[in-house]
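Shown next, in structure tokens, is the structure this report addresses.
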Amino acid sequence: MNLEEMLSFTASEYLDDRAVLIDGDSDTLWSDALLVRYFNHGARILARRAWCIKEYGVAPAGVIVLQTGKVLYPLHRSILFVHDATPTTQTAPLGRADDIALRDPYPSSMDALDLGMAAAVDGVDTYTGTPLAFSTDPASRSLRVYPEPSADQNGLRVLLRISRLPINELTLDDTEASPEIPEEYHEDLCLYAAGRCLTQPMVDSGYKVDGRNLLAEWADTCREARRDRQRAENNGSRWAFNSTTSVIR
């Protein structure tokens with residue numbers, strides 16, 4: 001549904017406040033601007049709860065460009081989680097680690113992700129070159145790459161697979177636009193907006209009950225959307241032996 005369809009559907013099917021009058025004051029109780037505000041807020045709620053907007057390597061949120069000597073890069077304000085990061089020069093994603101692990105000069109394990117750290121332990125003052133691993137820090141909303149990019153990596157694009165919030169909000173200036181969340185949830189946005197309208201302070205108490213019921217249904221939709229996403233991501237992995245937990249006797 002585009003914005004024009006959503007406005008018409010919400011006003012006619014839920015709010016019933018857009019009757020065409022021959023004369024007299026309009027009976028419109030909730031403006032289009034208010035409904036658009038609720039549509040945008042509902043889309044953010046659903047995206048945050050269900051992680052229903054996923055992208056891979058799509059600017060502006062899903063791409064960072066490496067710079068010589070720079071290890072920290074600000075994340076786009078819409079990003080909820082970075083699932084993986086892959087330089088355009090390779091097909092395999094970078095290793096993922098905790099931020100503290102990439103700043104620890106004495107790693108507890110020696111695997112591929114610790115290759116640069118091993119060089120530091122061996123006496124190399126600064127290890128630079130091809131990125132090996134990355135970490136994210138939600139508090140500072142930043143992404144760290146390791147090791148420090150050298151001049152050869154300057155301008156290298158790293159593609160991020162992310163879950164994010166909507167970036168382009170709906171406005172009355174473009175009623176042909178559609179919400180960024182999946183289309184199957186567009187009608188549910190109308191339900192959320194109607195519920196918010198019917199629970200406003202100036203609404204009669206009887207209608208507030210209807211509004212609360214609509215908002216409860218919306219909350220159920222968000223939970224179901226999250227379960228759908230989790231089921232879709234379930235790869236059915238089988239257990240396997242691990243050299244760090246198995247013991248030969």
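Index from 1, following the sequence.
Atom OG of S135 is separated from atom CG of D98 by 8.0 Å, given to the nearest 0.5 angstrom. Rounding to the nearest 0.5 Å places CD of E217 at 6.5 Å from CG of L214. To the nearest 0.5 Å, atoms CG (L215) and CG (L198) are separated by 8.5 Å. The line from CG of L7 to CG of L172 is 6.5 Å long, rounded to the nearest 0.5 Å. Rounded to the nearest 0.5 Å, atoms CG (L143) and NE2 (H76) are 14.5 Å apart. With values rounded to the nearest 0.5 angstrom, R77 atom CZ is found 8.5 Å from L165 atom CG.
For R164 (side chain) and G62 (main-chain N/O), no donor-acceptor pair under 3.5 Å exists by modelled atom type. Under the 3.5 Å distance criterion, the side-chain polar atoms of D204 are left unmatched by any main-chain donor or acceptor of G206. Between the side chain of R226 and the backbone N or O of W51, no donor-acceptor pair lies under 3.5 Å. Although no hydrogens or angles enter the test, the distance criterion places no donor-acceptor pair under 3.5 Å between the side chain of Q153 and the main chain of P131. Remark: the backbone N or O of Q67 is paired with a side-chain donor or acceptor of Y73 at under 3.5 angstrom. One N or O on the side chain of R141 and one on the backbone of I79 form a donor-acceptor pair closer than 3.5 Å.
Cluster annotation: L3 and W30 are assigned to the same hydrophobic cluster (Ile/Leu/Val/Met/Phe/Trp/Tyr, side-chain heavy-atom contacts under 4.5 Å, transitive). Side-chain heavy atoms closer than 4.5 Å link hydrophobic residues (I, L, V, M, F, W, Y) into clusters, and following such links, even through other members, never connects V65 to Y56. The same ILVMFWY cluster, assembled from side-chain heavy atoms under 4.5 Å apart, contains both L75 and V158. Cluster annotation: W218 is connected to V203 through the hydrophobic network of ILVMFWY side chains, with a link wherever side-chain heavy atoms come within less than 4.5 Å. Following chains of ILVMFWY side-chain contacts shorter than 4.5 Å, one cannot reach F134 starting from L159, and the two form parts of different hydrophobic clusters.
Remark: the R161 side chain and the T86 side chain contain no N/O donor-acceptor pair separated by less than 3.5 Å. With hydrogens and angles left out, the side-chain atoms of E224 and T221 include no donor and acceptor closer than 3.5 Å.
When every heavy atom of A85 is checked against every heavy atom of L160, the shortest pair comes out as CB-CD2, 3.6 Å. The shortest non-hydrogen separation linking S78 to A61 is OG-CB, 3.8 Å. Residues A151 and T68 approach most closely at CA-OG1, 3.4 Å, considering heavy atoms.
In this structure the side chain of P149 never reaches within 4.5 angstrom of the side chain of N154, judged on heavy atoms. Side chains of P147 and T130 form no contact here, defined as non-hydrogen atoms less than 4.5 Å apart. A heavy-atom distance below 4.5 Å is not found between the side chains of D137 and R144.
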- request: Go through the steps for N2 and T175 under the test side chain to side chain contact (heavy atoms under 4.5 Å, CB included), then give the verdict.
  value: CA-CA 7 Å; N2 61 29; T175 57; over 6 Å; no
Audit row: D84, R96, side chain to side chain contact (heavy atoms under 4.5 Å, CB included) steps and yes/no: CA-CA 7 Å; D84 59 52; R96 186 187 187 95; over 6 Å; no
- request: Start with the C-alpha distance between S163 and H83, add both sets of side-chain angles, then the distance that settles side chain to side chain contact (heavy atoms under 4.5 Å, CB included), and finish with yes or no.
  value: CA-CA 8 Å; S163 294; H83 299 274; 2.7 Å; yes
Would you tabulate the side-chain donor-acceptor contacts of residues 34-45 under 3.5 Å, counting partners in other chains and residues two or more places apart, or write 'none'?
from, atom 1, to, atom 2, distance (Å)
Y38, OH, Q200, NE2, 3.1
N40, OD1, L170, N, 2.8
N40, ND2, V36, O, 3.3
N40, ND2, L170, O, 3.1
H41, ND1, R44, NH2, 3.4
R44, NH1, E169, OE2, 2.4

List the atom pairs, with distances to 0.1 Å, where a side-chain N or O of residues 186-193 and a protein N or O form a donor-acceptor pair under 3.5 Å, not counting sequence neighbours.
from, atom 1, to, atom 2, distance (Å)
H186, ND1, M1, N, 3.1
H186, ND1, M1, O, 3.3
H186, NE2, I181, O, 3.1
Y192, OH, R196, NH1, 2.7

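In Y207, the OH atom is not crowded: 12 or fewer heavy atoms of neighbouring residues, nucleotides or ligands sit closer than 6.0 Å. Within a 6.0 Å sphere centred on CD of Q90, heavy atoms belonging to other residues, nucleotides or ligands number more than 12.
Not counting sequence neighbours, the partners of S142 by the side chain to side chain donor-acceptor pair (under 3.5 Å) test are S140.
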